[in-house]
2 protein chains.
Amino acid sequence: MAHLLLVEDDDSVRISLAKALGRYGHDVATASTGPLGLQAFRDRGPELVILDVMLPGTDGFDVCRQIRTSATVPIIMLTARGDDIDVVGGLEAGADDYVVKPVEPRVMDARIRAVLRRGTPDRSPQPTATYGELVIDRAAMTVTRAGRAVALTPTELRLLLELSRSPGQVLSRQQLLESVWEHSYLGDSRLVDNGVQRLRAKIEPDTTAPAYIQTVRGFGYRFGPV
Amino acid sequence: MAHLLLVEDDDSVRISLAKALGRYGHDVATASTGPLGLQAFRDRGPELVILDVMLPGTDGFDVCRQIRTSATVPIIMLTARGDDIDVVGGLEAGADDYVVKPVEPRVMDARIRAVLRRGTPDRSPQPTATYGELVIDRAAMTVTRAGRAVALTPTELRLLLELSRSPGQVLSRQQLLESVWEHSYLGDSRLVDNGVQRLRAKIEPDTTAPAYIQTVRGFGYRFGPV
DNA sequence: CACCGGTGTCGCAACCGTGTCGCAGACTTC
DNA sequence: GAAGTCTGCGACACGGTTGCGACACCGGTG
């Protein structure tokens, strides 16, 4: 459903909450410290981050600010009951919501959905899209596959964005040439073939049986599940 | 009446509901897991999908989202009584209706008809056309018959698209040559015959009694129900 | 000035699609 | 009923389309 990152130092809370959210259909990655959380954030490009406020070393607010320097991903802060809830500080740091521990998984799930639904109006429709194990973050212009970041060149990224803009639909070489390469003439357009081939080499686990980019002989290419 | 896909992991529910809906005149395909459901969806191209919310592994919402990335087919979610019914999340995922288990077949049938009747008002114009058990998706350039994907070569596909563009109308060999083959001269045009023959071999259940492509002796071919 | 990553071009190989041919069967016409 | 024409259909070989590696160019950078 959604790729989440949960940063929480308390083992029991982290594990049980991750499991519970998994049952609600979320794909949950976890980290136990602030630095590890930032690392995981960069690697996995989650659609939403859940941050414990009280973390050893760099605390939740710090992590929140760090993330905000590079991304607009929704962030939910977790605070222990009885903590001085520094809502103002948290909102300043850029959090989207607050949840008090101990938290019911059902409630957490509802909050997650609420925040995701709320979205951010200024973002283009669908900032991040997930296709199988491929995650495309249009806001951050990053692509991750199976949790690992994929380094794409500008052209490869444009091609992937264009293809994934209309999943399941065949795009002709001519169309791709115009939208990605901004050429209007279709010469001997092995250019598109080559672009697709290079993109496949980076995002396809098995290029002999493409999982994301299908070639439709005689027509063009189609992005989407097989 | 309608081609349905039922995705439900509980054997007894799946089998009994499928049977019951069959008695109401529906053509029901079933799948027991999310991935199998997606597979079946792609293969059979059903007119409506019934999804259990709680599935092992990828849950109903997930399947719903996946389907929505490529199709606008109506989706009805099935939830167990007492489950936390996340209607908002489900509607956000793209579901069209909710039904609580255990469900009366009569009720289910009514809901199915209601959803189908409601149609697809706000959705993008359906580029897919259905003729009997033949489904032609002009955007994805795919053809399925009786739920099974049909692999067509470029020429076969162009021919089918051309013929189905004007159902019930006879197209001459000359016309087909020009539109499909982009030849203007009609030499020994066994070419068209051959193309039709190859196409029939793939989409006709019984080539001796063509259900989709009729030959009009002396004139050409006609696409459409007998 | 050398280096380097990105990108367009070229060429080769393999596979699949497709046009051609021939024959048999079906339909029409006389 | 017979001849002539039209269509179905299997076989085959040529050619086109695509995948993919190699190379050259080019702009930016230390």
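All values derive from a computational prediction rather than experimental measurement. Letters A, B, ... mirror the listed sequences (proteins, then strands); counts begin at 1. Values reported hereafter were calculated over all heavy atoms of this structure, with side chains retained and with hydrogens, waters and symmetry mates removed.
Residue Trp181(B) places at least one side-chain N or O under 4.0 Å from the OP1 or OP2 atom of dG19(C).
Using a 4.0 Å cut-off on heavy atoms, the residues of residues 194-205 of chain B that approach DNA chain D are Asn194(B), Gln197(B), Arg198(B), Arg200(B), listed by number. Contacts of residues 151-160 of chain A with DNA chain D (heavy atom under 4.0 Å): none.
Counting 5' to 3', DNA chain D first comes under 4.0 angstrom of a heavy atom of chain A and last does so at the ends given by dG16(D) to dA22(D).
The side chain to side chain donor-acceptor pair (under 3.5 Å) test applied to Ser166(B) returns no partner, not counting sequence neighbours. Gln169(B) is linked by a side chain to side chain donor-acceptor pair (under 3.5 Å) to nothing, counting only residues two or more places apart in sequence or in another chain. Legend: residues meeting side chain to side chain donor-acceptor pair (under 3.5 Å) with Ser172(A), ordered by chain and number and at least two apart, are Gln175(A). Applying the side chain to side chain donor-acceptor pair (under 3.5 Å) test to Ser164(A) and every residue at least two apart in sequence or in another chain returns Arg138(A). Judged as a salt bridge (Lys or Arg N to Asp or Glu O under 4.0 Å), and not counting sequence neighbours, the contacts of Asp11(A) are Arg14(A).
Side-chain contact between Ile50(B) and Ile112(B) is present, with heavy atoms from C-beta onward closer than 4.5 Å. Taking 4.5 Å as the limit, some side-chain heavy atom of Leu160(B) sits within range of a side-chain heavy atom of Val143(B). Two residues are said to be in side-chain contact when any heavy atoms from C-beta on lie closer than 4.5 Å; Val49(A) and Phe41(A) meet this criterion.
Note on residues 153-164 of chain A: pairs passing salt bridge (charged side-chain N to carboxylate O under 4.0 Å, His left out), not counting sequence neighbours, are Glu156(A)-Lys202(A), Glu162(A)-Arg165(A).
Looking only at distances, a side-chain donor or acceptor of Asp137(B) sits under 3.5 Å from a matching main-chain atom of Ala140(B). Of the possible donor and acceptor atoms, one in the side chain of Glu204(A) sits under 3.5 Å from a partner among the backbone N and O of Tyr212(A).
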In residues 30-40 of chain A, what donor-acceptor pairs under 3.5 Å come from side-chain atoms, sequence neighbours left out?
from, atom 1, to, atom 2, distance (Å)
Thr33(A), OG1, Leu36(A), N, 3.2
Gln39(A), NE2, Asp43(A), OD1, 3.4
Gln39(A), NE2, Asp43(A), OD2, 3.2

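Note: Asn194(A) CG to Leu159(A) CG = 11.0 Å, rounded to the nearest 0.5 Å.
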Polar pairs (N or O, both sides) under 3.5 Å between protein and nucleotides 28-30 of chain C?
none

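Rounded to 10 degrees, the angle between the two end axes of the helix from dC1(C)-dG30(D) to dC30(C)-dG1(D) is 30°, with five pairs used at each end.
Residues Ile136(B) and Tyr131(B) share a closest heavy-atom pair of CD1-CE1, 3.7 Å.
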Go through the steps to decide whether Phe223(A) and Leu171(A) satisfy the test side-chain contact (heavy atoms from CB on, under 4.5 Å), and finish with yes or no. CA-CA 9 Å; Phe223(A) 179 89; Leu171(A) 298 176; over 6 Å; no
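The residue Thr215(A) sits close only to the backbone: its heavy atoms come under 4.0 Å of sugar-phosphate atoms, none of a base.
If you take CG of Asp193(A) and P of dC12(C), they are 18 Å apart, rounded to a whole angstrom.
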